[in-house]
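Shown next, in structure tokens, is the structure this report addresses.
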Amino acid sequence: PWANGSAETFITKHRAALESEYISMNLHHWIDLIFGFKSTGLDALAADNLFFHLTYEGSVKWNELTDPMQRQSTLMQISDFGQTPPQLFKNPHPQRLSLQQLSKPTARELVLNTFSSLLPQKLGHNNTPNQAITTYRRPALGGSTLSLVHIATPPPKSSKATNGNVIFVFRDGTIAQ
């Protein structure tokens, strides 16, 4: 009734709920119960997360069930109760980072921001039909400045290569390719 018979409304509302911040921040609890350390043993008992004993992986020794009646009844019980997923994790699953935590800069971003003055600064760019020339400047050791020129030339028309040749020409005339 709340979806007014609309499958699209039903799916949209459920998807919004399942993708919500609340679910994302608490999903690790469900993982712990179903696949994690709270799926078996004393932690499962403390979490009130115990299932019928025949549903646990490895609980039935089929080769030891010689009585056809007991074998059939065990099979029917497992069929009625289903199977408990195997335990995949022995330790608590980590909580997902919140949106606020995700919006904080990463370690890489912090390093880049801290050392951005050491990165080449683009000074100019010039495109011609046969090449693209970009000039960079970056600090060098001892407080001096190193100027770089990046020349990108397209491959010859007969070449099957998709990338152009990249040539770096330093102010002292050194060429690196």
Under the side-chain hydrogen bond (donor to acceptor under 3.5 Å, both in side chains) test, residues paired with Lys90 that sit two or more places apart |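 Listed in chain order: Gln87.
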Taken in chain and number order and not counting sequence neighbours, the residues that satisfy side-chain hydrogen bond (donor to acceptor under 3.5 Å, both in side chains) with Glu64 are none
Quick one: name the residues clustered hydrophobically with Met69, using the 4.5 Å side-chain heavy-atom rule over I, L, V, M, F, W, Y, and just say none if it's on its own.
->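 Reading the cluster by chain and number, Met69 sits alone, since nothing else belongs.
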Does Ser20 reach the main-chain N or O of Ala17 with its side chain, forming a donor-acceptor pair under 3.5 Å?
->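 Judged by distance alone, yes, a pair lies under 3.5 Å.
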Backbone N/O of Leu33 and side chain of Ser39: donor-acceptor pair under 3.5 Å = no
Taking the inter-plane angle between the rings of Phe89 and His93 on a 0 to 90° scale, is it parallel (under 30°), tilted (30 to 60°) or perpendicular (over 60°)?
-> perpendicular
Path from Leu75 to Val60 over hydrophobic side-chain contacts below 4.5 Å | yes
Taking atom CG of Leu18 as the centre, does the number of heavy atoms from other residues, nucleotides or ligands within less than 6.0 Å exceed 12?
->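 Yes, enclosed.
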So does Asp48 have more than 12 non-hydrogen atoms from other groups sitting under 6.0 Å from CG?
-> no
Can you list every pair that meets ring pair (Phe, Tyr, Trp, His ring centres under 6.0 Å) and has a residue in residues 63-87, with sequence neighbours left out?
->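 Non-adjacent pairs meeting ring pair (Phe, Tyr, Trp, His ring centres under 6.0 Å): Phe52-Phe81.
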Would you mind listing every ring pair (Phe, Tyr, Trp, His ring centres under 6.0 Å) that reaches into residues 24-47, with sequence neighbours excluded?
->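 Applying ring pair (Phe, Tyr, Trp, His ring centres under 6.0 Å) to every pair that reaches into residues 24-47, excluding sequence neighbours, yields Trp30-Phe35.
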Could you pull out all residues at least two apart from Trp62 that satisfy ring-ring contact (aromatic ring centres under 6.0 Å, His included)?
-> none
What's the shortest heavy-atom distance between Lys38 and Asn49, and which atoms?
-> O-ND2, 2.8 Å
Interatomic distance, CG@Asn26 vs CD1@Ile31, rounded to 0.5 Å, equals 11.0 Å
